[in-house]
Amino acid sequence: GVWRQTKALLFKNCLIKCRTKKSSVQEVLFPLFFLFWLILMSMMHPHRKYDEVANTNLGTLDTSVLVNFVIGYTPPTRMAREIMKKVAFDNFEDGLITEEYLSEEELQEASAFKPSNFVGVVFNDAMSYQLRFPDLVAISSTYMESR
């Protein structure tokens, strides 16, 4: 019984495919066309693999460019204060100017009125943050192709 039903079903499907040649050809050619299109697009925009950079000593940081540098941060939590204190005094002899703001809106307003040496830090939680630069800072063109 099962073999006879399977054979009849296969025969029926073959008859349908033979009678509807246009849709049968489309079922085969459309995936091949899209596969060709994907291969063509991947060849036009090849994936670039960047070699790893060897470990090298970069020397000391030139702190002369960081004179009167202002770092504003929000929200003013205990963890944020500790992190900013460590950044300001442990890494630089003269220390950086750090200012705390109650909200991100205040931080944005302050960055509009401050000179171009202002950077904002928004702490999402104790382990993550986002940097806010003024509009005058040029965007890096290193990874523009991948955007």
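Note that these values count all heavy atoms, side chains included, but never hydrogens, waters or copies made by symmetry.
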For this session: Nearest 0.5 Å please: distance from the CD atom of Gln130 over to the CD atom of Glu104.
Result: 7.0 Å
For this session: Indicate yes or no: at least one non-hydrogen side-chain atom of Val122 is less than 4.5 angstrom from one of Tyr73.
Result: no
For this session: Salt-bridge test for Lys86 and Glu82: reply yes if a basic N is under 4.0 Å from a carboxylate O, no otherwise.
Result: no
Exercise. Closest approach of Pro76 and Tyr101, non-hydrogen atoms and distance?
Worked result: CD-O, 3.2 Å
For this session: Specify whether Phe30 and Phe34 have parallel, tilted or perpendicular ring planes, treating 30° as the upper limit for parallel and 60° as the lower limit for perpendicular.
Result: tilted
Problem set entry | Separation between CG of Asn13 and NZ of Lys17, rounded to the nearest 0.5 Å | 7.5 Å
Exercise. With hydrophobic residues grouped by side-chain heavy-atom distances under 4.5 Å, do Met79 and Val121 end up in a single group?
Worked result: yes
For this session: Kindly indicate whether the side chain of Thr74, heavy atoms from C-beta on, has any atom under 4.5 Å from the side chain of Leu102.
Result: no
Exercise. So, the side chain of Thr6 versus the backbone of Val2: is there a donor-acceptor pair under 3.5 Å, distance only?
Worked result: yes
Problem set entry | Closest heavy-atom pair and its distance - Pro75, Ala80 | O-CB, 3.5 Å
Exercise. Do Ile83 and Leu131 sit in the same hydrophobic cluster, where Ile, Leu, Val, Met, Phe, Trp and Tyr count as joined when their side-chain heavy atoms come under 4.5 Å apart?
Worked result: yes
Exercise. Taking C-beta and beyond as the side chain, do Thr77 and Arg81 meet within less than 4.5 Å on heavy atoms?
Worked result: no
Problem set entry | CD1-CZ distance between Ile16 and Arg19, expressed to the nearest 0.5 angstrom | 8.0 Å
For this session: Compare all side-chain heavy atoms of Met84 with those of Ile71 and state whether any distance is below 4.5 angstrom.
Result: yes
Exercise. Are Val28 and Leu35 linked, directly or through other ILVMFWY residues, by side chains that come within less than 4.5 angstrom of each other?
Worked result: no
Exercise. How many angstroms lie between atom CD of Gln26 and atom OG1 of Thr20, to the nearest 0.5 angstrom?
Worked result: 10.0 Å
Exercise. Side-chain contact, heavy-atom cut-off 4.5 Å: Leu32 with Phe36?
Worked result: no
